[in-house]
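Following: one structure in structure tokens, then a few remarks.
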Amino acid sequence: MTRKFLSSNIADERIASRDGRFSLFDGRLLDAGGFLIDWDGYKELKTFDEIVRNGHAIIVAEGGMGKSHIQREFCETLGDKTRYARLELVSSANDVQGLKEAVKDASQDKEYLFLDGLDEAENLAAVLLGMLQGYDGHAHIIIASRGIPRLNLLSERLNWPMYSLLPYSRDDVQELCNEANVDYDAFMRKVDRQNLGGVCSKPLGCMMLIEQYRQTALNGFSSESLWRTSLMKLCAENTESKTRDFVSSEKVVPVEEGIRIATVIALALKLSGRTLVYCIGNKPVKDGELDFSMLFSNKDAQEAFNTLLLRPLFLNVAEGCYRFSHSSYVDFLAAQGMIEYLDEREWGKIVFAPEG
């Protein structure tokens, strides 16, 4: 599927970030269900291929919009791994020198270089700016991130264009339904009737909805139950993910227990502003790392924690070091954790904390 981006010709800003719900998304571009519609005000739409091949750029979109997926799709079309490099910035958050060397090597040898997930490693924004201000390498560089203030600084200082992924149109959803052999009309009737358009217009949400429709016809499903059911599958022992393959383990973690542990992990990460998770007992805890053994002091719980990290809900980024396989999973689980584990009177103190 050819994904489209909003060009800079509609407004002064080159980006229409749905994180901030700027005026570009005031209803002129989206229908009542949240799907992209045709609009005469479009001056120009650029595909990902056009953007990448034209030079350096910054791609921004909220969680679940397919920033990483569309990069992988583009790389697959190249069919030659020597032409591109993809670096997940979170894995370099504590290794600035390693990042510099990787970017330098890729810039000389590759045609395309993708730097993914800057929002999960914001401390690297200044480093990247310094590295790229005098950039004279060969590779076309694409930085991808959720919306963070430092992206505007990067775009201005580097003079790189910044684009936002548009949501799916109903035609896009129909194409995906056809590929999955799902009755599009019947599927969309359920989506509209149950107010699931806001989920379905995002690539990750649409994928989960189509999968659930094939199994349950979405009977009784809300957006909350959809997320919970999908996350339970990622915690299960016999499942695979489009993000990563299943990794076997002799240990078994009951699904409900897995969800509980994952919720605690996600809440701790959100409240601490961190992304990486380390196996308990793998190595001594360093300054700046979360000590999850303090949350799971029981030995059985610690073993279940380590086993859960092998499930498709997580990605292995280094020896003994993991992250959730999608940042949207952290968002949902952390929100669920606030409700389940924190006193309601404490929510305001967290949400409206002086440090933002």
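Proximity of a side-chain donor or acceptor of Asp172 to a complementary backbone N or O of Ser169 within less than 3.5 Å is detected. For Ser328 (side chain) and Gly64 (main-chain N/O), a donor-acceptor pair under 3.5 Å exists by modelled atom type. At distances below 3.5 Å, at least one donor-acceptor pair connects side-chain atoms of Ser145 with backbone N or O atoms of Asp119. Distance alone, capped at 3.5 Å, places no donor-acceptor pair between the Lys100 side chain and the Met131 backbone. Listed for the Thr307 side chain is a donor-acceptor partner under 3.5 Å among the backbone atoms of Glu303.
Nearest heavy atoms, Ala266 versus Leu333: CB-CB, 3.6 Å.
Looking at residues two or more places apart in sequence or on another chain, you find no side-chain contact (heavy atoms from CB on, under 4.5 Å) involving Asp105. When the ring pair (Phe, Tyr, Trp, His ring centres under 6.0 Å) test is applied to Phe305, the partners found at least two apart in sequence or on another chain are Phe292, Phe296.
A heavy-atom distance below 4.5 Å is found between the side chains of Glu256 and Met232. Contact annotation: the side chain of Val173 never approaches that of Val191 to less than 4.5 Å [non-hydrogen atoms, C-beta and beyond].
Classified by interplanar angle (parallel below 30°, tilted 30° to 60°, perpendicular above 60°), the ring pair Phe74/Tyr112 is perpendicular.
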Margin query: Quick one, Arg170 with Asp192, criterion side chain to side chain contact (heavy atoms under 4.5 Å, CB included). Give me CA distance, side-chain angles, the key distance, then yes/no.
Written below: CA-CA 11 Å; Arg170 291 177 183 265; Asp192 289 333; 3.2 Å; yes
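Screening residues 210-221 for salt bridge (charged side-chain N to carboxylate O under 4.0 Å, His left out) gives Glu211-Lys233 as the qualifying pairs, with residues at least two apart or on separate chains.
Between Lys104 and Glu101, none of the side-chain N atoms (NZ, or NE/NH1/NH2) sits under 4.0 Å from a carboxylate O, so this pair counts as no salt bridge.
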